[in-house]
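What follows is a single structure, written as structure tokens, with notes after it.
Hydrogens, waters and symmetry mates play no part in the numbers below; they use all other heavy atoms, side chains included. Counting from 1, the numbers follow the sequence of the chain as shown.
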Amino acid sequence: MATSAPHALRTPFLRNPSLSLSSKPTLSSVFPVSLSSRRRAAPRLVVVLSAARLDAKPTVLVAEKLGEAGLDLLKEFANVDCSYNLSPEELCTKISLCDALIVRSGTKVSREVFESSGGRLKVVGRAGVGIDNVDLGAATEFGCLVVNAPTANTVAAAEHGIALLTAMARNVAQADASVKAGKWQRNKYVGVSLVGKTLAVMGFGKVGSEVARRAKGLGMHVIAHDPYAPADRARAIGVELVSFDEALASADFISLHMPLTPATSKVLNDETFAKMKKGVRIVNVARGGVIDEDALVRALDGGIVAQAALDVFTVEPPPQGNTLVLHERVTATPHLGASTMEAQEGVAVEIAEAVVGALKGELAATAVNAPMVPAEVLTELKPYVVLAEKLGRLAVQLVAGGSGVKTVKVSYASARAPDDLDTRLLRAMITKGLIEPISDVFVNLVNADFTAKQRGLRITEERTVLDGSPESPLDSIQVQIANVESKFASAISESGEITVEGRVKDGVPHLTKVGSFEVDVSLEGSIILCRQVDQPGMIGTVGSILGEENVNVSFMSVGRIAPRKQAVMAIGVDDQPSKPALKRIGDVPAIEEFVFLKL
């Protein structure tokens, strides 16, 4: 058995080196296949032809208002049809004559739109960040690239966050309403100073870091929580990275800049409000769903939260008579984060450049859907693709709060020759598993390396060449995260990294190693990992607790160092146990630590 040295992220094992991401393959040279875990329709292979036909310019339909600078860029390359306020029926009628479509949030790009295009529509551009109004599964199935404009709104959103912060601290909105009502209540609207106060920035991406810069200029002490924020970038701004709980406990002001994902939905709730300083003030210019709005009302009424300034809400617009909006100590704006003239022009230019590039056959870094993979490669790697993503998801969930993920090593064990295994897809799926659980970025083969680099995440790959038949592409995949703490100490291997390893057995992905412990559990549903004293009755004890909760156990495996010593029990469950059930498991005397991991 021989082992090759780790190689850099940009030199993957390729069956066809001409398909390297760095060579900017054209849309006409590859097949689109959806990697989205949100929509797993059976892949339908569609050859994507260049839209820039020899006999005519492509046609771009602009269905919602776009800045002049963006329109000018489009007109240099394509025929531009600006038709606003189209009904769904009118859009479906026009789309068969168009090669590209640009929308904002008000136009629904449904499956019917792609079906009506007759295969001509090659790219949909979303002038903004969110793509909730575009059917990504249908776009991929019909061979249509979807791109967005994620960077142009950054400064506008940060400025609005600071505007809300200062207006809230000095009661500007309430005092303005009072004066206009004919009152003069100077004593009622005494505010608080920002100088010397601690601001916790929750989510240290583009907008969060810009808010931090501006807050430092106001004399605030700024801390931040973000598991992917590079420590050197935070230090350069003068920001200290801390754990989630430490941020909550230390902050006088909290500014939210995290995406809305299953992990962040209602992350500010009764339990987290109880961990905050009494009198904390909260700003949200991110996503409405990250706050439990009923819990925020209770925290305001109970004096835990002194004030809140909100630009986003769970339902927009909020219903008439909304208790939170009408609360005396809440400042509310109607989702104005990106609403500056400069930002609107910037979005127009960014989306126009992305759409023109796609029509020229280039693959945009802001693509949010289909990676391009030959059909035979996808068929062979399909179960390993699932394994790769789930190993990434498991590994990142094992990282303790406050630890920045920066260095990841992926090891492939295979009997294949180095030039006969294309690992781009596997690496992209590991990146997807590492990043998507705590991000609103859609990671795929097109943008995986770019997305990892943006977050300061360095992924290296290593190959172990095995003796034997190369009939199967891989024997195992191992993912290691270095220089982090783990919420499950037993996941740390002897070399000091969080380590998870898996194999495909009978077409099903299995977890086969956690830290230094050998296990064997199917990666279906979710997993509970327990470190325990190896003694009789442990499987029955934990199984009984889950059975009483009506939680079905799909697999159970125990890996141990030696009889009657430490062991790790891996339990596959179909449903998420309740918090009381998990607490009961943790209270079993022989169990030293445990963690629940959602796949």
Side-chain angles (χ1 to χ4, degrees), residues 24 26-28 48-87 90-109 113-114 117 120-131 133-134 139 144-160 206-207 210 335-369 446-447 450:
K24 293 187 82 173
T26 64
L27 293 176
S28 58
V48 182
L49 301 176
S50 173
R53 301 181 306 279
L54 295 176
D55 58 340
K57 281 185 173 184
T59 296
V60 178
L61 173 60
V62 180
E64 295 182 68
K65 190 170 177 57
L66 196 69
E68 287 298 323
L71 291 175
D72 290 342
L73 277 173
L74 291 171
K75 288 173 182 175
E76 291 177 7
F77 177 75
N79 298 314
V80 179
D81 177 359
C82 294
S83 297
Y84 306 147
N85 302 315
L86 295 174
S87 68
E90 290 169 334
L91 178 59
C92 287
T93 299
K94 290 183 76 76
I95 204 65
S96 63
L97 304 174
C98 302
D99 302 287
L101 169 66
I102 294 178
V103 300
R104 288 187 178 275
S105 59
T107 300
K108 191 113 178 139
V109 188
V113 172
F114 295 105
S117 76
R120 179 167 174 175
L121 186 64
K122 302 301 184 295
V123 56
V124 171
R126 163 68 168 95
V129 180
I131 40 80
N133 55 317
V134 180
C144 182
L145 192 68
V146 180
V147 294
N148 67 349
T151 63
N153 294 338
T154 298
V155 170
E159 289 177 346
H160 194 59
K206 294 186 182 71
V207 177
E210 289 300 322
H335 206 143
L336 298 179
S339 295
T340 67
M341 291 184 288
E342 294 82 0
Q344 295 303 304
E345 284 297 300
V347 166
V349 170
E350 186 174 6
I351 199 61
E353 289 176 342
V355 168
V356 168
L359 288 174
K360 287 180 178 177
E362 299 170 359
L363 293 176
T366 58
V368 294
N369 67 333
V446 174
N447 67 2
F450 175 82

Return a table of donor-acceptor pairs under 3.5 angstrom between the side chains of residues 150-157 and protein atoms on other chains or two or more places apart.
from, atom 1, to, atom 2, distance (Å)
T151, OG1, E350, OE1, 3.1
T151, OG1, E350, OE2, 2.8
T154, OG1, T151, O, 2.8

Pairs of donor and acceptor atoms involving the side chains of residues 336-345, under 3.5 Å and at least two apart or interchain, shall be tabulated with distances.
from, atom 1, to, atom 2, distance (Å)
T340, OG1, A343, N, 3.0
Q344, OE1, R104, NH1, 3.2
Q344, OE1, R104, NH2, 3.2
Q344, NE2, A338, O, 2.8
E345, OE1, A69, N, 3.3
E345, OE2, E68, N, 3.4

> Which atom names give the shortest non-hydrogen contact between L86 and E90, and what distance separates them?
Replying inline: CA-OE1, 3.5 Å

>> Determine whether V109 and L101 satisfy the following criterion, side chain to side chain contact (heavy atoms under 4.5 Å, CB included), listing intermediate values before the conclusion.
In response: CA-CA 9 Å; V109 188; L101 169 66; 3.9 Å; yes

> Among I102, L97, L91, which residue meets the side-chain contact (heavy atoms from CB on, under 4.5 Å) test with L61?
Replying inline: L91

> Under the side chain to side chain contact (heavy atoms under 4.5 Å, CB included) criterion, do S83 and V62 qualify, and how do the steps go?
Replying inline: CA-CA 6 Å; S83 297; V62 180; over 6 Å; no

>> Enumerate the salt bridge (charged side-chain N to carboxylate O under 4.0 Å, His left out) contacts for residues 72-84, please, sequence neighbours excluded, ordered by first and then second residue.
In response: D81-K94

>> Rounded to the nearest 0.5 Å, what separates atom OG1 in T107 from atom CD in E64?
In response: 3.5 Å

>> One pair to check against side chain to side chain contact (heavy atoms under 4.5 Å, CB included): L359 and D99. What are the steps and the verdict?
In response: CA-CA 8 Å; L359 288 174; D99 302 287; 4.2 Å; yes

> Nearest heavy-atom pair of A367 and L145: which atoms, and what distance?
Replying inline: CB-CD1, 3.9 Å

> Do you know the tightest heavy-atom contact between G67 and A348?
Replying inline: N-CB, 3.5 Å

> Ignoring hydrogens and geometry, is there a side-chain-to-backbone donor-acceptor pair from K122 to R120 under 3.5 Å?
Replying inline: yes

>> As a quick check of understanding, evaluate side chain to side chain contact (heavy atoms under 4.5 Å, CB included) for V124 and V355, giving each step before the final call.
In response: CA-CA 7 Å; V124 171; V355 168; over 6 Å; no

> Shortest non-hydrogen contact from V146 to A139?
Replying inline: CG2-CB, 3.6 Å

>> Please check this pair: side chain of T366 against backbone of N148, looking for a donor-acceptor N/O pair closer than 3.5 Å.
In response: yes

>> Once side-chain contact (heavy atoms from CB on, under 4.5 Å) is applied, do any residues pair with S117, and if so which ones, sequence neighbours excluded?
In response: I95, L121

> Side-chain contact, heavy-atom cut-off 4.5 Å: V147 with V368?
Replying inline: no

>> Going by the rule salt bridge (charged side-chain N to carboxylate O under 4.0 Å, His left out), which residues pair with E210 if we only count those two or more places apart in sequence or in a different chain?
In response: R213, R214

>> Under 6.0 Å from the ring centre and within 45 degrees of the ring axis: does the NZ or CZ of K360 meet both conditions for the six-membered ring of F77?
In response: yes

>> Ignoring hydrogens, what is the shortest heavy-atom contact between V207 and A158? Give both atom names and the distance.
In response: CG1-N, 3.9 Å

> Do you know the tightest heavy-atom contact between Y84 and L66?
Replying inline: OH-N, 4.1 Å

